[in-house]
Structures are given as C-alpha cells and as structure tokens.
> 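Sharing a structure, written as structure tokens. Questions coming.
Counting convention: from 1, in listed order, for ligands and their atoms alike.
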Amino acid sequence: MGKKKNMKIIIQGQNRLSGTVRTAGAKNAALPELAAILLSKGEFHFQDVPEVEDIKVMYRALQNLGAEGHFNSNSVKIKIPEVTSELVPREIVETSRASILILGPLVARNGYARVCQPGGCPIGDRKINYHLDGLSRMGAEIKEEEHHLVAKAAKQLNAIDYTFPTKSVTGTENLLMAATLAEGTTILRNCALEPEVGDLVQLLTNMGADITGKNTETLTIKGQTSLQGTSHRIIPDRIEMGTYIMVGCLGENEIIVENAVPEFVQSLLNILEQIGCYVTVKNDTIKVTANGNLKPVSVETLPYPDYPTDLQAQLTTLLTQVNGISKIKENIFNNRFQHTRELKKMGAAIDVDGDIAIIRGKTPLSGQTIRATDLRASAALVMGGLIAEGETVMDNAYQLFRGYENMPLKLQQLGADIKNIEE
Ligand code: EPZ
C-alpha cells in the first residue's frame, strides 16, 4: 500500500465480539530502532516488527540512504555498510516522524544529513526545537533549506549535558542515539520514560553503546568510536494493547489480549477499574469483559507512566457508553480532539473547550460516513462503528494502517462485520 490511496473502512455495527487477539510489536519502538542502524555498518535482525505503514516508510527511507535488506512476516534483516545518499526525500517520509529520527543518527555517523521537515499526525504542534537545540549543542550546524533540515558536523559530535525543558519521546531518542557516537560523556536529563525509550536503550547497549540510567529520567552515555550490528525483538505495542482492551469494554464483548505487558498499560487498567470494566490480568494475557453498567471518570493525559495521550481518543469513544458526565484533559498535544467532531455526527454528546472534553453518556451511536483525521482518532472511530447501529463508513482509513497491524482482520476474527476497500 505504498501510495496513499483513498481507503475506506465499512462496519456493520453491534456484533458481539469475543475471542483472542495478539499484540504486535510496538510501532514507536521499531521506528527509532530502525533508524539506529545508521549508527553502525553491521548487520541487524529485528523480530516482531509490526507491518504498518509508518514502519514501511522508515524502511524505504533507510533503503533510500543505502540500506540493504528484506522485510517480511514481521522480520527485518538490514544493514547499511555505506551511506550512499544523505537525502531523505519528502515523498518517503511526509506522513511520519521517521525523518526527524534519522537526523540524529545520520549526522552522528556521517557528519551530514538532509531530511525533509517531519510529518506525522496533525494532532497539534509537532515541535522539534529540543532535537535541533541538542544536536547544535553537540556541534551540528543545522539550517533550513526549502522545507528540508540540513545538519552538518565538521568533526565528531561532542558530548553535552542537556536538560529537556519538557518530556519528549523522540527528542530523548534522537539525542540518545547521537550521543552514542559523540566524543565524551553525554548526560541527558528529564528524559521521557516511555517503554519504547527503554527498549531503544537496550538495543543500543546490545550494539556496544555504554549507557546507564535505562528507564530513568537521566541517561548517561559514554560515546564510542563504533557500534556493532545485533539482533533485537521489538517490545509489544502498548497502544495497540490498550485499544483492544477498550474494545473489550464495549457492548457485550469479551476479549483476551495476548502478548500483553500489563505494566505498560497500568494507567489504563486503573481507569477501567474505576469505570467498572471486568479486567483479569494473568502473566502476558489480559481478559476484558464488558459490563453494562459503567461509571463516569475524569482523566488527564500525561507522560508515562501516567495516562497516555495515544489512548485518549479511544477512551473518549468508550466514555460515550458510560452513564454520566466524564471529563478528559489533553495535556500533551493542542489539537487532539478532532475525533470528537466525528463521534458527534454518530450521536455522541461531547463538548470540547480548549484542552478539555466533557462527554455526556450514555448515548446510542448510529452508523454514519465519517473521516479519520489522525492515527489514534481512526481507532476511536472504528470503535464507534463497532457499537453503532447500522453501517459506518470511515474515509481516509490510511491513517489506521499507519499504526495498527491488520486491524480489520483482527476484528473480523473477533466477530466484527468490518472490511476495508481501496478506491
Ligand atoms: C511520540 O511523539 C510518539 N510518536 C507519539 O505517538 C506520542 O503521542 C508522543 O510521543 C507523546 O507520547 C513516536 O514515538 C514516533 P513528544 P513525539 O516529542 O516524540 C512538545 C502515535 O500515535 N515538544 O513526546 O513527536 C510537543 O510539541 C504518535 O503513535 C516540544 O515542544 O512527541 C508535544 O506537545 C502520535 N519540542 C510534547 O512535547 C520538541 O522538540 C510531546 O511531544 C519536542 C516535543
């Protein structure tokens, strides 16, 4: 599905869903980890790589830079013994954050990188000032040239002691990767604690990087002159996990999520307990049974380990089915309530005022033609279609395939009447 065709998803709602769904590897771990191959000439073997569009975009971008390898059935074998181009062109990365994650490792390895301005979900300001400020303090000269970012470093990057003004996931990942080849010992403070950052630290350590402070807010990195290739299994995707857990809370559903890591979704499980969903955790499986009498909650999105912004849209849909008035405060992005407009077309009663959404439930939803505005909104709207009466048609369904592996198929296997068509 390389070219962005207009894809639609069509759902006949109100089927009861039951069965088992297996969590795929984490998109937001695989993205920086594929970029990390730029730090070495060695061979890499990644397993549990999710076959989603954002990862295919990163894979194509690396091929464009000179990487050789293959990507099939969740396995990627890849190496980049020589960088044959410093340019990551727009058509490859316009829809994802891939380009910004290439900038750091590429300029650290090569002393030169030219990437188009990063894309990604239109969920608010996707600032990159921390990335650019950190890299320039490390000695990279960064300029903007016709919609491209150009980074040049006349010599090896130097170590820095840098404190992130606010938590940034890819900001932490970018500077962490650059620091592994910098001269001296870098200290990064106020780092993001998301599990995907910890998984990247593990990969870099297995490549020979010297990093202390994994899963803490302070990372200390002793720069190396070179790093080796390695094998790595991607951690499970906590956002996909959380999405299917919330599907299990809808209607009369009963769903078992496998390959789960309960700790990664603890903030969600705490909320669902308050709402009154029946959730049973056993090792790496989480069983969810809907309960017709759900209670309203107030939630705010915050950096990990608190409630993730990437599960905000999906929770909004769930809260339309709760008797009472719920409230969500979105603290991370300033335009991440676009899904509420589409849910209101289906009959939801939601008022948005700035960074706060008030959801008045319980409202029956009816199938409509709606539009996916961003990746996580598209999952929230699919959830709406699953419980709506009648037929829901979701346009711009490409957004869903950016970050969810085979979602229509997985939902069909749970009993949903859902299909995707390409126009
Ligand atoms: C990562 O985006 C994730 N993407 C996002 O997931 C996720 O929503 C986000 O982290 C927050 O958890 C990937 O990991 C590929 P941030 P990122 O830098 O790194 C501000 C999904 O659905 N900020 O943590 O781009 C920024 O404006 C995607 O999978 C600066 O001000 O997010 C935002 O308000 C969507 N300056 C806040 O920090 C900077 O230099 C958090 O951004 C960087 C960020």
Side-chain angles (χ1 to χ4, degrees), residues 24-36 50 52-55 57-58 61 93 95-104 117-137 142 149 162-178 188 190-200 217 234-235 237-243 264-265 267 300-315 330-336 338-339 355 372-380 399-405 407:
K27 162 181 89 84
N28 289 349
L31 213 52
E33 289 169 359
L34 285 173
V52 296
E53 289 311 300
D54 276 11
I55 298 305
V57 161
M58 172 61 89
V93 291
T95 59
S96 91
R97 308 291 285 158
S99 58
I100 194 64
L101 281 166
I102 284 172
L103 192 68
Q117 290 281 10
C121 292
I123 53 180
D125 301 336
R126 303 304 296 273
K127 297 194 207 92
I128 54 171
N129 52 323
Y130 305 158
H131 300 244
L132 305 184
D133 184 21
L135 288 173
S136 14
R137 292 178 193 219
I142 296 180
L149 287 171
Y162 180 76
T163 301
F164 286 94
T166 64
K167 292 249 189 300
S168 166
V169 175
T170 52
T172 302
E173 292 165 346
N174 218 348
L175 300 189
L176 164 64
M177 288 192 280
L188 299 177
N190 196 25
C191 293
L193 295 170
E194 274 69 4
E196 294 76 34
V197 176
D199 199 49
L200 175 63
E217 292 182 343
I234 315 272
I235 53 170
D237 190 315
R238 62 194 167 93
I239 305 304
E240 187 199 26
M241 211 183 289
T243 303
F264 286 177
V265 287
S267 59
E300 59 176 297
T301 65
L302 287 165
Y304 194 89
D306 290 320
Y307 194 84
T309 176
D310 289 354
L311 286 176
Q312 179 261 101
Q314 303 89 322
L315 180 64
E330 171 57 60
N331 290 310
I332 307 295
F333 290 110
N334 57 13
N335 184 28
R336 204 168 198 177
Q338 299 180 80
H339 51 286
D355 59 3
T373 50
D374 57 82
L375 165 55
R376 304 307 171 182
S378 65
Q399 287 294 337
L400 186 77
F401 295 97
R402 286 185 47 215
Y404 285 94
E405 188 182 75
M407 190 171 205

> If every non-hydrogen atom of Arg238 is compared with every non-hydrogen atom of Val265, which pair is closest and at what distance?
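Of all heavy-atom pairs spanning Arg238 and Val265, the closest is O-CG1, 3.4 Å.
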
> Please check if any side-chain donor atom of Thr309 sits under 3.5 Å from a side-chain acceptor atom of Glu330, or the reverse.
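Yes.
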
> What's the shortest distance from atom 19 (O) of ligand 1 to any protein heavy atom, and which residue and atom give it?
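Answer for atom 19 (O) of ligand 1: Thr170 OG1, 2.6 Å.
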
> Looking only at protein heavy atoms, which one is nearest to atom 22 (O) of ligand 1, and what is the separation?
Arg376 NE, 2.8 Å

> Ignoring hydrogens, what is the shortest heavy-atom contact between Asp199 and Glu33? Give both atom names and the distance.
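So the two residues come closest at OD2-OE2, 2.6 Å.
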
> Please give me the minimum heavy-atom distance between Asp54 and Lys27, naming the atom from each residue.
OD2-NZ, 3.5 Å

> Does either side chain, that of His339 or that of Gln314, offer a donor lying less than 3.5 Å from an acceptor on the other one?
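Looking only at side-chain atoms, Gln314 and His339 do not form any donor-acceptor pair under 3.5 Å.
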
> Show which atoms of ligand 1 fall inside a sub-4.0 Å distance from at least one heavy-atom site of Lys27.
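Listed by number with element: 21 (C), 29 (O).
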
> Looking at atom 38 (O) of ligand 1, what's its closest protein heavy atom, distance included?
Lys167 O, 3.9 Å

> Find out whether Arg402 and Val57 are in side-chain contact, i.e. whether some heavy atom of one side chain is under 4.5 Å from a heavy atom of the other.
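Not touching, per the 4.5 Å side-chain cut-off.
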
> Would you mind finding which of Leu311, Asn129, Val197 brings a heavy atom closest to atom 36 (N) of ligand 1?
Asn129

> So which heavy atom in the protein is nearest atom 15 (C) of ligand 1, and how far is it from that ligand atom?
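Residue, atom and distance for the closest contact: Asn28 OD1, 3.4 Å.
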
> Quick one: nearest non-hydrogen protein atom to atom 11 (C) of ligand 1, plus distance?
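In this structure, atom 11 (C) of ligand 1 has Thr309 CG2, 3.9 Å as its nearest protein heavy atom.
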
> Counting heavy atoms only, which of Arg336, Lys127, Gln312, Gln399 comes nearest to atom 39 (C) of ligand 1?
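Ranked by closest heavy atom to atom 39 (C) of ligand 1, first place is Lys127.
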
> May I ask you to list the atoms of ligand 1 that are less than 4.0 angstrom from any heavy atom of His131?
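Those qualifying, in numeric order: 40 (O).
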
> Which residue holds the protein heavy atom closest to atom 5 (C) of ligand 1, what is that atom called, and what is the gap in Å?
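Nearest neighbour among protein heavy atoms for atom 5 (C) of ligand 1, to 0.1 Å: Asp310 OD2, 3.7 Å.
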
> Are any side-chain N or O atoms of Asn174 and backbone N or O atoms of Gly104, one a donor and one an acceptor, separated by less than 3.5 Å?
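Yes.
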
> What residue and atom, counting heavy atoms only, is the protein's closest point to atom 25 (O) of ligand 1, and at what distance?
Arg126 NH2, 3.1 Å

> Less than 3.5 Å between some nitrogen or oxygen of Val169 and one of ligand 1, yes or no?
yes

> Less than 3.5 Å between some nitrogen or oxygen of Glu173 and one of ligand 1, yes or no?
no

> Heavy-atom distance to atom 42 (O) of ligand 1: which of Tyr130, Phe164, Phe333 wins?
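Closest candidate by heavy-atom distance is Phe333.
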
> Do Glu217 and Asn190 get their side chains close enough for a donor-acceptor pair, meaning under 3.5 Å?
no

> Considering only non-hydrogen protein atoms, determine which one is nearest to atom 34 (O) of ligand 1 and report residue, atom name and distance to 0.1 Å.
Ile332 O, 2.6 Å

> Assess the side chains of Thr166 and Tyr130: does a donor N or O sit below 3.5 Å from an acceptor N or O?
yes

> Near Leu31, which atoms of ligand 1 are under 4.0 Å from a heavy atom of that residue?
15 (C)

> Report yes if some heavy atom in the side chain of Leu311 is under 4.5 Å from a heavy atom in the side chain of Thr301; otherwise report no.
no

